[in-house]
Participant: 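Once you've had a glance at the structure underneath, I'll fire off some questions.
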Amino acid sequence: MHAEYLKQDEDVVIIGPAVRMSPEQAARDIPLFWQRFMQEHLPTLDPAHDIYAVYCDYERDHTGPYTMLLGTRADAKAPVPEGLRRAVIPRGDYARFIARGDPAQALWQTWSHVWNAWERRGERRFAADFERYERAAMARGTVEAEVVVGLS
């Protein structure tokens, strides 16, 4: 699986609902969180905005609890509506992978590669990692998402 390395020159702010996750329950909890997001929040969002899944507040690394936030990009000074949260994807170096295909399989395969096989996995910084989805692609039943991990 190919990684593209890039530098993000500014912080990116994402606002949306968030939940605390554990790796042991992620296979069950992530699809449920997505389902709730698609039903309750997606219809209220501007269709021109990409959807982000942000992984942040890591207790230690990918083997411990973390926070997952689903939302859209927002201005840094935008107010946070009640029940939602702000996540900051900090400026810095990142590696980007592309996940394509069946949503569940393609994303798990990509993350599995990042966790277990990617040669630079030891350089992750565990500040905020994210997936970015084009809104139009989400309606097709397949996924084409960027999986982006921070580097130290």
Side-chain angles (χ1 to χ4, degrees), residues 6-99 102-116 118 121 123-139 141-152:
L6 48 103
K7 184 165 197 71
Q8 181 172 288
D9 294 327
E10 60 184 31
D11 292 348
V12 174
V13 173
I14 308 297
I15 294 177
V19 295
R20 195 76 178 149
M21 293 280 175
S22 71
E24 299 79 21
Q25 301 300 319
R28 182 195 72 200
D29 292 348
I30 290 175
L32 292 173
F33 184 42
W34 267 107
Q35 184 178 31
R36 193 178 91 216
F37 175 80
M38 299 292 269
Q39 292 171 351
E40 297 174 11
H41 298 279
L42 191 64
T44 68
L45 300 174
D46 182 338
H49 290 145
D50 292 341
I51 304 299
Y52 286 77
V54 181
Y55 304 90
C56 57
D57 303 333
Y58 288 96
E59 190 171 277
R60 58 182 175 276
D61 58 21
H62 70 280
T63 63
Y66 56 90
T67 298
M68 180 181 182
L69 180 144
L70 295 173
T72 56
R73 193 170 180 161
D75 184 89
K77 296 176 183 170
V80 179
E82 186 175 334
L84 302 184
R85 189 195 141 167
R86 174 190 327 268
V88 176
I89 303 168
R91 72 186 63 136
D93 295 322
Y94 287 85
R96 177 173 54 196
F97 302 86
I98 303 297
D102 174 80
Q105 291 179 1
L107 289 163
W108 282 110
Q109 288 171 349
T110 303
W111 280 111
S112 181
H113 174 77
V114 169
W115 299 325
N116 302 308
W118 178 43
R121 66 188 175 276
E123 298 175 46
R124 289 185 60 198
R125 69 177 159 166
F126 296 100
D129 303 311
F130 64 95
E131 299 159 3
R132 187 177 69 82
Y133 302 83
E134 288 185 24
R135 194 69 185 274
M138 294 179 80
T142 61
V143 70
E144 181 166 331
E146 295 178 339
V147 174
V148 185
V149 296
L151 296 169
S152 53

Participant: Run the side-chain donor-acceptor check on residues 70-82: report pairs under 3.5 Å with partners two or more places apart or on a different chain.
Facilitator:
| from | atom 1 | to | atom 2 | distance (Å) |
| --- | --- | --- | --- | --- |
| Arg73 | NH2 | Glu10 | OE2 | 3.1 |
| Asp75 | OD2 | Lys77 | N | 2.8 |

Participant: Can you tell me how far apart CG (Leu151) and CZ (Arg125) are? Round to the nearest 0.5 Å.
Facilitator: 7.5 Å
Participant: Applying ring-ring contact (aromatic ring centres under 6.0 Å, His included), name anything that partners Tyr94, two or more places apart in sequence or on another chain.
Facilitator: none
Participant: Can you name the closest pair of heavy atoms from Arg20 and Asp57 and give their distance?
Facilitator: NH1-O, 2.7 Å
Participant: Partners of Asp29 by side chain to side chain donor-acceptor pair (under 3.5 Å), sequence neighbours excluded?
Facilitator: none
Participant: Rounded to the nearest 0.5 Å, what separation is found between the NE2 atom of His62 and the CG atom of Asp129?
Facilitator: 11.0 Å
Participant: For Glu123, which residues count as a side chain to side chain donor-acceptor pair (under 3.5 Å) partner, sequence neighbours excluded?
Facilitator: Arg120
Participant: Report yes if the side chains of Phe37 and Leu45 come closer than 4.5 Å at any heavy-atom pair, otherwise no.
Facilitator: yes
Participant: Give the minimum heavy-atom separation between Gln8 and Pro90, together with the two atoms involved.
Facilitator: NE2-O, 3.4 Å
Participant: Would Gln35 and Leu32 count as a side chain to side chain contact (heavy atoms under 4.5 Å, CB included) here? Give the steps.
Facilitator: CA-CA 5 Å; Gln35 184 178 31; Leu32 292 173; 3.9 Å; yes
Participant: Got Val13 and Arg86 here, is their nearest side-chain heavy-atom distance under 4.5 Å?
Facilitator: yes
Participant: Mind checking the NE2-CD spacing from His49 to Glu134? Nearest 0.5 Å is all I need.
Facilitator: 13.5 Å
Participant: Please examine the side chains of Ile98 and Glu144, heavy atoms only from C-beta on, and report whether any two atoms are closer than 4.5 Å.
Facilitator: yes
Participant: If you compare all heavy atoms of Pro23 against all heavy atoms of Pro65, which two are closest, and at what distance to 0.1 Å?
Facilitator: CD-N, 4.1 Å
Participant: Looking at every heavy atom in both Thr63 and Glu24, which two are closest together, and how far apart are they?
Facilitator: O-OE2, 4.5 Å
Participant: Which atoms form the tightest heavy-atom contact between Ala26 and Pro31, and what is the distance?
Facilitator: O-CD, 3.7 Å
Participant: Over all heavy atoms of both residues, which pair between Phe33 and Met21 is shortest? Give the atoms and the distance, please.
Facilitator: CB-CE, 4.1 Å
Participant: Examine distances only and state if a side-chain atom of Asp11 and a backbone atom of Arg91 form a donor-acceptor pair shorter than 3.5 Å.
Facilitator: yes
Participant: Is there a donor-acceptor contact under 3.5 Å from the side chain of Glu131 to the main chain of Ala99?
Facilitator: no
Participant: What is the distance from atom CZ of Arg36 to atom NE2 of His41, rounded to the nearest 0.5 Å?
Facilitator: 5.5 Å
Participant: Give a yes or no answer on whether the side chain of Arg28 reaches the backbone of Gln25 with a donor-acceptor pair at less than 3.5 Å.
Facilitator: no
Participant: Output the distance between atom CD1 (Ile30) and atom CE (Met68), rounded to the nearest 0.5 Å.
Facilitator: 5.0 Å
Participant: Output all residues satisfying ring-ring contact (aromatic ring centres under 6.0 Å, His included) with Tyr55, sequence neighbours left out; order by chain, then residue number.
Facilitator: Tyr66, Trp111
Participant: Which residues satisfy the ring-ring contact (aromatic ring centres under 6.0 Å, His included) test with Tyr133, sequence neighbours excluded?
Facilitator: Trp34
Participant: Which distance, rounded to the nearest 0.5 Å, do you find between the CD1 of Ile89 and the CZ of Phe130?
Facilitator: 4.5 Å
Participant: Run the side chain to side chain contact (heavy atoms under 4.5 Å, CB included) test on Arg124 and Trp115 for me, step by step, so that the C-alpha distance in whole Å, both residues' side-chain angles and the decisive distance to 0.1 Å come before the verdict.
Facilitator: CA-CA 10 Å; Arg124 289 185 60 198; Trp115 299 325; 3.6 Å; yes
